[in-house]
Colleague: 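Before anything else, here's the structure in question.
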Amino acid sequence: MSKSNESKSLNNNVIMHGVELKKMPCGKYFEALQTLKNLPEDFIKELSDNEQDFKLSSMLTIDNIANLITKLMIIAPKFLFSFLSKILDVDEDILENKLTPLELLEIVKKFIEINELESFFAQMKPITKKIMNLIGFKG
């Protein structure tokens, strides 16, 4: 007998360094992305390496997300903890005061694996390109 999607999801829950990691619904990602709109201008400049045509949407690849998280850890920890707290559904204090940097990184990597984000970003890249072309952005 095949398992329901709910039971498949439950089997993927993992507790790592005291933090429960699980598959998250789309709403959690959008909620977390809302924290990024409050990033200070200095951080955006640092991310963009002062490129005139930089777009935050260009960061939406698995490699660039890892780069973004690394830069957030260095430059803007308040925003990193807020973003990760929302997306992981974990109290911000736990992330900030109970975990080492390595433990936090291991948690993020496991979260990416559980939620199959590498596959998501790989599949979204051509879709995003088509949408951008449709709305008038070329190249």
Side-chain angles (χ1 to χ4, degrees):
M1 183 171 189
S2 68
K3 295 180 180 182
S4 71
N5 285 339
E6 181 179 338
S7 64
K8 284 181 187 175
S9 177
L10 291 175
N11 292 338
N12 286 333
N13 291 9
V14 171
I15 296 180
M16 180 180 269
H17 304 298
V19 173
E20 183 180 13
L21 302 171
K22 54 193 174 256
K23 286 190 176 186
M24 289 296 179
C26 290
K28 275 294 185 191
Y29 296 97
F30 294 123
E31 183 182 340
L33 288 172
Q34 289 300 307
T35 64
L36 297 179
K37 74 178 182 183
N38 296 322
L39 285 173
E41 187 177 330
D42 292 345
F43 179 70
I44 299 296
K45 285 179 184 173
E46 178 69 28
L47 266 184
S48 68
D49 295 324
N50 290 317
E51 293 176 28
Q52 296 294 341
D53 60 345
F54 172 79
K55 295 175 186 66
L56 193 56
S57 61
S58 69
M59 295 298 294
L60 296 180
T61 68
I62 197 67
D63 292 333
N64 287 340
I65 290 288
N67 184 30
L68 173 67
I69 289 171
T70 302
K71 286 186 178 187
L72 278 169
M73 288 176 78
I74 295 167
I75 299 166
K78 177 181 185 265
F79 292 99
L80 172 72
F81 293 128
S82 179
F83 175 78
L84 291 177
S85 172
K86 297 260 190 282
I87 204 165
L88 298 171
D89 199 23
V90 175
D91 187 280
E92 205 170 316
D93 183 64
I94 291 171
L95 300 176
E96 188 173 356
N97 297 310
K98 306 272 191 258
L99 300 172
T100 67
L102 179 59
E103 290 170 340
L104 183 58
L105 185 57
E106 290 171 345
I107 286 169
V108 168
K109 288 169 64 176
K110 190 66 172 177
F111 179 82
I112 288 169
E113 177 187 321
I114 289 170
N115 285 275
E116 303 174 69
L117 294 179
E118 286 189 58
S119 176
F120 170 78
F121 287 119
Q123 292 180 49
M124 278 303 294
K125 192 172 186 175
I127 294 169
T128 303
K129 194 173 200 173
K130 284 181 185 178
I131 290 170
M132 296 304 278
N133 285 335
L134 283 172
I135 60 175
F137 293 98
K138 303 291 180 195

Colleague: Testing the basics here: between Glu118 and Ile112, what is the closest heavy-atom pair and its distance to 0.1 Å?
Modeller: CG-CG2, 4.2 Å
Colleague: Residues two or more places apart in sequence or in another chain: which of them pass side-chain hydrogen bond (donor to acceptor under 3.5 Å, both in side chains) with Glu96?
Modeller: none
Colleague: Under the rule for side-chain contact (heavy atoms from CB on, under 4.5 Å), what residues qualify as partners of Thr100, not counting sequence neighbours?
Modeller: Leu102, Glu103
Colleague: Looking at residues at least two apart in the chain, or sitting in another chain, which of them share a side-chain contact (heavy atoms from CB on, under 4.5 Å) with Val19?
Modeller: Leu21, Val90, Ile94, Leu99, Ile107
Colleague: Could you see if Leu88 belongs to whatever hydrophobic cluster contains Leu105? Use Ile, Leu, Val, Met, Phe, Trp, Tyr and a side-chain cutoff under 4.5 Å.
Modeller: no
Colleague: For Glu106, enumerate each residue passing the side-chain hydrogen bond (donor to acceptor under 3.5 Å, both in side chains) test, keeping only those at least two apart in sequence or located in another chain.
Modeller: His17
Colleague: My understanding is that only residues two or more places apart in sequence, or in another chain, count here; which of them pass side-chain hydrogen bond (donor to acceptor under 3.5 Å, both in side chains) with Asp91?
Modeller: none
Colleague: For Glu92, enumerate each residue passing the side-chain contact (heavy atoms from CB on, under 4.5 Å) test, keeping only those at least two apart in sequence or located in another chain.
Modeller: Phe81, Ser82, Ser85
Colleague: State, with a plain yes or no, whether a side-chain heavy atom of Phe111 is found less than 4.5 Å away from one of Met24.
Modeller: yes
Colleague: Tell me, with the steps shown, if Lys22 and Ile114 meet side chain to side chain contact (heavy atoms under 4.5 Å, CB included).
Modeller: CA-CA 7 Å; Lys22 54 193 174 256; Ile114 289 170; 5.6 Å; no
Colleague: Apply side-chain hydrogen bond (donor to acceptor under 3.5 Å, both in side chains) to Lys110 and list each qualifying residue two or more places apart in sequence or on a separate chain.
Modeller: Glu113
Colleague: Report the residues that fulfil side-chain contact (heavy atoms from CB on, under 4.5 Å) with Ile127, sequence neighbours left out, ordered by chain and then residue number.
Modeller: Met124, Ile131
Colleague: When rounded to the nearest 0.5 angstrom, what distance separates CZ in Phe79 from CG in Leu84?
Modeller: 13.5 Å
